[in-house]
Amino acid sequence: MRYAAQKGTRDILPSEIHNWQIAEKTFADVCHSFGYEEIRIPTFEQTDLFQRGVGDTTDVVTKEMYTFEDKGGRSITLRPEGTAGVVRSFIENGMTSLPSPVRLFYNITAFRYEKMQKGRMREFHQFGLESFGAQGPDIDAEIISVVDVFFKKMGLKNIALHINSIGCPNCRGEYNRLLKDYFRPHVSEMCEDCQARFEKNPLRMIDCKVDGGKDIVKNAPRLIDHLCDDCKAHFEGLKARLEAIGISYTIDPNIVRGLDYYTRTVFEFVSENVGTQGTICGGGRYDGLVEDCGGTATPGIGFAMGVERLLLETEAQGALKEAPSYVKLYIASMSEQAKIEALKICYALRLNGIGCETDMAGRSFKAQMKYAGKQGIPYLAVIGDDELASGEVKVKCMADGTETPVKLDGLVDFMTGK
RNA sequence: GUGGGAUUAGUUCAGUUGGUUAGAGCGCUAGUUUGUGGCACUAGAUAUCAUGGGUUCGAAUCCCAUAUCCCACCCCA
């Protein structure tokens, strides 16, 4: 017990890996069915990318980044999320000139220096997706339906979709003035954080947990009621599309999203099973981000899903799957010569894609049987002097006890498809 | 960053007001006459009682510090 996994990190063990693989495969399949292609980006980027991309007033950037200086004196940061890196790659690789929309998905680890609790790790996994170049609400509805289809394929139900619009820089500026006028007489009664927010980002005051119950906050003007005509039309367009597809939602004026790059549509998929914060998947539109990161102005939208939280939810809903036995056949051997024959047979079976095992531990015959049983290996064959002489084994099906005689050279054919 | 709870075998947990050599279930290894598994029975291995100090004749047990885990606040996936 000398070494332990670092705080906020953990091992994903063989006993749980099956459900990770199912989730990864399902996510990739669903994304592919929408025309998204996988991208793999580096684990670290230059610190500046996140400061600019995510926003240097956000909690994520100001207190949660793993930042260090490398041997060349560069400031490096382990990615706290995926969008900034994908945007960097999109610009750097000239994807602007690809036909719109450019649809990308990814499966990454991300790092945030945080105090842990349920559903929150310092190293965690995200499935994410970004779509560039489409500005109408069609694409908003599309990526939300990616999540919806994915949840259905995972066997998950009742994960609530919350949507909101936080407008564009134009209507938000207008609204911020309105909010400030509204809150100005009450600032002194509010919590410390809100007093700071009043100057920096009054929008977040609405989201305050401390003052959230107060009438001042409850009755504050809502951004959703003060959108400019374009933003209003966009949001109405999204609602109409979700209704047409049959995806139910609730409008939640309080979702603001803590990352600076969001504009217009923001959304969350929320559950009660993944800890108090409850968000399994969060995303939204970021029409200014590509330009902010040095590319030509390109609208974009995306989401990220916490894989640990997803699996917490899957477990809570009883939708985890049993792992299969990859090893189909155990060959027990009764002598040195038989053991060598068993090795030869196993080699041939594996060349043909059939999982099999034979004794490696020098166990007695009886202990070999016991081992095969405990491992849940579905078929069993014994090789001893008789089999070596006759060139035929009896393959026993462990589930029903039936035995089938099979020639040694016909074993591959017999096991194929089992 | 703030607060609460916890830490004893691989694992889940007992362990009395401080008192001899710290226990159990599961798991693991072997065996129950060398030709057929899961069950049962028998035996065995495995613990710096998280770490470092302190109190005491004596500490897994009481005190302090540190680390880690869990939960909540904040914020996010």
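We use all heavy atoms of the structure for the numbers below, so side chains are in, but hydrogens, waters and symmetry mates are not. Every chain is numbered from 1 and lettered A, B, ... according to where its sequence line falls, protein lines coming before strand lines.
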Short side-chain N/O contact from A/R10 to OP1 or OP2 of B/C69, under 4.0 Å: no

Checking contacts here: which listed nucleotide (B/C73, B/U36, B/U29) is nearest the side-chain heavy atoms of A/F365? B/U36

Which is true for A/E308 with a 4.0 Å heavy-atom rule: it touches a base, it touches only sugar-phosphate, or it touches nothing? nothing

Between B/U21 and B/G31 - C1' atom distance, rounded Å: 28 Å

Sorted by position of nearest nucleotide on RNA chain B, 5' first, the leading residue of A/Y113 and A/G373 is A/Y113

Identify which nucleotide among B/U36, B/U68, B/C75 has an atom closest to any side-chain atom of A/M369, counting heavy atoms from C-beta outward. B/U36

Could you measure between the two P atoms, the one in B/G3 and the one in B/A77, and give it in whole Å? 27 Å

Expressed as a whole number of angstroms, how long is the span from A/F50:CZ to B/A77:P? 14 Å

Starting at CD of A/Q6 and ending at P of B/U68, how long is that distance when rounded to a whole Å? 8 Å

Proximal nucleotide (of B/C69, B/U29, B/G31) relative to the A/K7 side chain: B/C69

Euclidean distance for P, B/C49 against B/A60 (whole angstrom): 8 Å

Take atom CZ of A/R120 and atom P of B/C74, then tell me their distance rounded to the nearest Å. 10 Å

Check whether A/E123 reaches the backbone of A/G8 with its side chain - one donor and one acceptor, N or O, closer than 3.5 Å. no

Rounded interatomic separation in angstrom, taking CE from A/M334 and P from B/U33: 14 Å

A/T58 and A/V54 have their tightest heavy-atom pair at CG2-O, 3.5 Å

Whole Å only: how far is the CZ atom of A/R363 from the P atom of B/G31? 10 Å

Per A/V382 side chain, nearest of listed nucleotides B/A77, B/C75, B/U36: B/U36

Checking contacts here: which listed nucleotide (B/G35, B/C75, B/A77) is nearest the side-chain heavy atoms of A/E64? B/C75

Assign the ring pair A/F267 / A/F269 to parallel, tilted or perpendicular, where the plane angle (0 to 90°) is split at 30° and 60°. perpendicular

Do A/F34 and A/F105 have ring centroids that are under 6.0 Å from one another? no

Between A/D292 and A/R52 (salt bridge meaning N to carboxylate O under 4.0 Å), is one present in this structure? no

So, under a plain 3.5 Å distance rule, would you say the side chain of A/E268 forms a donor-acceptor pair with the base of B/A77? no

What heavy-atom pair brings A/E130 and A/V86 nearest, and what distance separates the two atoms? CG-CG1, 3.8 Å

Can you find a donor-acceptor N/O pair under 3.5 angstrom joining the side chain of A/E387 to the base of B/G35? yes

Please tell me which of the listed nucleotides, B/U36, B/C39, B/U2, lies nearest to the side chain of A/K374? B/C39

In short, A/A319 meets A/M154 closest at the heavy-atom pair CB-O, 4.0 Å

Taking atom P in both B/C63 and B/C26, what distance in whole Å separates the two? 35 Å

Integer angstrom distance from the P of B/U61 to that of B/U48: 15 Å

Which whole number of Å gives the distance between the C1' atom of B/U16 and that of B/C62? 16 Å

Between the base of B/C69 and the side chain of A/Q117, is there any donor-acceptor pair under 3.5 Å? no

Between the base of B/U32 and the side chain of A/K370, is there a donor-acceptor distance below 3.5 Å? yes

What is the separation between atom CD on A/E81 and atom C1' on B/A77, rounded to the nearest whole Å? 11 Å

Does any part of the side chain of A/D359, heavy atoms only, come nearer than 4.5 Å to the side chain of A/Y330, both counted from C-beta? yes

What is the nucleic acid contact for A/T58, judged by heavy atoms within less than 4.0 Å: base, sugar-phosphate only, or nothing? nothing

Donor-acceptor pair under 3.5 Å: do we get one between A/K366's side chain and the base of B/U32? no

Take atom P in B/U33 and the same atom in B/C69, then report the distance between them in whole Å. 49 Å

Heavy atoms from C-beta onward define the side chain here; which of B/U36, B/C69, B/G31 lies closest to that of A/L380? B/U36

Applying a 4.0 Å non-hydrogen cut-off, can you work out what A/G82 is touching in the nucleic acid: base, sugar-phosphate, or nothing? nothing

Which of the following nucleotides, B/A77, B/G3, B/G35, is nearest to the side chain of A/K115? B/G3

Taking pairs as Watson-Crick (N1-N3 plus N6-O4 or O6-N4) or G-U wobble (N1-O2 and O6-N3), each distance under 3.5 Å, the stems of three or more consecutive pairs with RNA chain B are B:1-7 with B:67-73, B:10-13 with B:23-26, B:28-32 with B:40-44, B:50-54 with B:62-66

Across the strands shown, which category fits A/A372 at heavy-atom distances under 4.0 angstrom: base, sugar-phosphate, nothing? nothing

Select base, sugar-phosphate, or nothing to describe what A/I280 touches, counting heavy atoms under 4.0 Å on all strands. sugar-phosphate

What is the distance, rounded to the nearest whole Å, between atom CD1 of A/I383 and atom P of B/U36? 17 Å

Using side-chain heavy atoms (C-beta onward) and a distance below 4.5 Å, is A/I163 in contact with A/T265? no

Does A/D400 use its side chain to pair, donor to acceptor, with the backbone of A/T402 at less than 3.5 Å? yes

What integer number of Å spans the P atoms of B/U36 and B/U51? 49 Å

For the pair made of CD in A/Q375 and P in B/U29, what is the distance, rounded to whole Å? 9 Å

